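Since the structure is predicted, the reported quantities are computational estimates derived from the model, not experimental observations. Every chain is numbered from 1, with letters handed out A, B, ... down the list of sequences.
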Number of protein chains: 2
Amino acid sequence: MTESQEQHYVLEEQVGYLLRLANQRHLSIFAEHIVDGLTSVQFSTLFRLRKEAGPMSQNALGRLVGMDAATTKGVVSRLISRGLIQMEKDPTDKRRYMLSTTQKGRALIEDTLPRVRQISEDTLAPLTPHEAKQFVALLKKLT
Amino acid sequence: MTESQEQHYVLEEQVGYLLRLANQRHLSIFAEHIVDGLTSVQFSTLFRLRKEAGPMSQNALGRLVGMDAATTKGVVSRLISRGLIQMEKDPTDKRRYMLSTTQKGRALIEDTLPRVRQISEDTLAPLTPHEAKQFVALLKKLT
DNA sequence: AGATATTCGTATGCATGCAAACGTTAATTA
DNA sequence: TAATTAACGTTTGCATGCATACGAATATCT
């Protein structure tokens, strides 16, 4: 390999730069489809709480969605403000609050599911179906 | 396709969810390698200003890095605070300020280049070299 | 049991990132 | 030329996201 190739550095070919732009694009597509201001992270959080192990503590939920405690606090507060999840004291552990979805939250998940499916499709639209599967597989391997 | 397949929705297989985690992972790797608190976006901005068309307006620079005007304002302010770029009035357009890198900024780019190369490698480390190339190509196509 | 670790939720500060609104200036159009 | 439109930079408000620190409660270890 020659030295000139070593010096070569193009922003458009760096994973980090491209990941940032791809993420921005997805969030933009998400916002287009979801009218009521629910964010991608808020949906993920709500979905995890509903479809995973059910009621759990705030920090546990955050971990399942890939958020640290500080971020989780804000997301959960907003979901509670919207009346999509609820909080009650854990009788066995005075530090914890158990979180669970409300009826309104569960209804919103069902209403939103077709749209989030469409969002995934739209995000992958520039790729052929085969490329899309490849891409998602590589993304999973990367995580 | 059966109805049960249509109902199927797994968070770990959604592009948006995976993109968010992949981006988080990259930013974490970036922070590990760069000691002085320079962020990924700040490096991209500095690099663009130095290696692209040279001195340009704030909004133009932001566009080249994929930031809106509000975000650009903050990033540029921080780069100026660190003494990495400088701002001077554009004599031909009273609205504009022309931005350019300082000597300190250019020196920092050269010092940082080997490290950002390593960051890209580390981010792609879970993939084979062939997969890594595929992944970057698909990311580019997606953007 | 008592000392130490860890976990829980919380709070603050900082950095992206977008929407929206704003005054100023330049470019376009009628 | 006059009116309109567009671009420039700025500010505010809100949402993620991380580091750090904190008191309270639980777990673990000696």
Side-chain angles (χ1 to χ4, degrees), chain A residues 16-17 19-32 34-46 56-63 65-82 84-85 87-99, chain B residues 16-17 19-32 34-46 56-63 65-82 84-85 87-99:
Chain A
Y17 182 76
L19 278 174
R20 176 174 142 266
L21 295 189
N23 200 41
Q24 280 180 11
R25 180 168 165 276
H26 167 257
L27 291 178
S28 166
I29 292 172
F30 195 99
E32 277 174 32
I34 307 291
V35 277
D36 64 355
L38 193 80
T39 68
S40 182
V41 166
Q42 285 169 18
F43 177 79
S44 293
T45 305
L46 197 57
M56 67 187 99
S57 75
Q58 186 173 294
N59 284 359
L61 179 57
R63 268 179 246 120
V65 185
M67 302 183 292
D68 73 345
T71 303
T72 305
K73 159 74 173 160
V75 174
V76 164
S77 293
R78 274 163 233 125
L79 289 174
I80 291 176
S81 296
R82 288 162 181 265
L84 301 175
I85 68 179
M87 205 177 208
E88 43 186 325
K89 284 186 182 176
D90 183 337
T92 71
D93 188 334
K94 293 179 183 173
R95 298 170 301 178
R96 277 196 219 168
Y97 296 92
M98 294 305 279
L99 301 179
Chain B
Y17 182 77
L19 278 174
R20 176 173 141 268
L21 296 188
N23 201 40
Q24 279 180 11
R25 180 167 165 277
H26 168 257
L27 291 178
S28 167
I29 291 172
F30 195 100
E32 276 175 31
I34 308 291
V35 277
D36 65 354
L38 193 80
T39 68
S40 182
V41 166
Q42 285 170 17
F43 177 78
S44 293
T45 305
L46 197 56
M56 67 186 100
S57 76
Q58 187 172 294
N59 284 359
L61 179 56
R63 267 178 247 120
V65 185
M67 304 182 291
D68 74 344
T71 303
T72 304
K73 160 74 173 160
V75 174
V76 164
S77 293
R78 272 163 234 126
L79 289 174
I80 292 176
S81 295
R82 288 163 180 265
L84 301 175
I85 69 179
M87 205 179 209
E88 43 186 325
K89 284 187 181 176
D90 183 336
T92 72
D93 188 335
K94 293 180 183 173
R95 298 169 301 179
R96 277 196 220 167
Y97 295 92
M98 294 306 279
L99 300 179

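Taking B:R95 as the reference, B:D93 meet the side-chain contact (heavy atoms from CB on, under 4.5 Å) condition, with sequence neighbours excluded.
With rounding to whole Å, A:Y17 atom OH is found 15 Å from C:dT16 atom C1'. The CD1 atom of A:I34 sits 16 Å away from the P atom of D:dA15 (whole-angstrom rounding). Note: CE (B:M56) to P (D:dC8) measures 13 Å, nearest angstrom. As a whole-Å value, the separation of A:F30 CZ from C:dG17 P is 18 Å. When the C1' atom of C:dC14 is taken as reference, atom CD of B:Q42 falls 11 Å away, rounded to whole Å. Spacing between atom CG of B:D36 and atom P of C:dA15 amounts to 13 Å, rounded to whole angstrom units. Look at CG on B:D90: it is 9 Å from P on D:dG9, rounded to the nearest Å. In this structure, CG of A:L61 is placed 10 Å from P of C:dG9, rounded to the nearest angstrom.
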Original post:
Given B:L99 and B:L79, is the side-chain contact (heavy atoms from CB on, under 4.5 Å) satisfied, shown in steps?
Top reply: CA-CA 11 Å; B:L99 300 179; B:L79 289 174; over 6 Å; no
Original post:
Using a cut-off of 4.0 Å between protein heavy atoms and nucleotide atoms, how would you tag nucleotides 17-29 of chain D 5' to 3' with B, S and -?
Top reply: BBB-----BS---
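Taken to the nearest 0.5 Å, the OG1 atom of B:T39 stands 10.5 Å off from the CG atom of B:L46. One distance of note links CZ of A:R96 with CG of A:N59; it measures 9.0 Å at 0.5 Å rounding. Note that CD of B:E88 and OH of B:Y97 are 12.0 Å apart. Values are rounded to the nearest 0.5 Å. Going from atom OG of A:S40 over to atom NE2 of A:H26 covers 4.5 Å, rounded to the nearest 0.5 Å.
In this entry D:dT26 has no Watson-Crick or G-U wobble partner, no candidate having both defining distances under 3.5 Å.
Between the side chain of B:S77 and the backbone N or O of B:K73, at least one donor-acceptor pair lies under 3.5 Å.
Close to C:dC8, at under 4.0 Å from its OP1 or OP2, lies a side-chain N or O of A:R63. At the phosphate of D:dT16, neither OP1 nor OP2 sits under 4.0 Å from any side-chain N or O atom of A:S40. Listed pair B:N59 / D:dA7 fails the phosphate criterion, with no side-chain N or O lying under 4.0 Å from OP1 or OP2.
Heavy-atom nearest nucleotides on DNA chain C were determined for B:G74 and for A:Q58, and the one closer to the 5' end corresponds to A:Q58. With DNA chain D read from its 5' end, the first of the two nearest nucleotides for B:R96 and A:R78 is the one closest to B:R96. Judged by closest nucleotide on DNA chain C, A:K73 is the one of A:K73 and A:A31 placed further toward the 5' end.
Using a 4.0 Å heavy-atom cutoff across all strands shown, A:S57 reaches sugar-phosphate atoms only and no base atom.
In this structure, D:dA15 shows a glycosidic angle more than 90 degrees from zero, which is the anti conformation.
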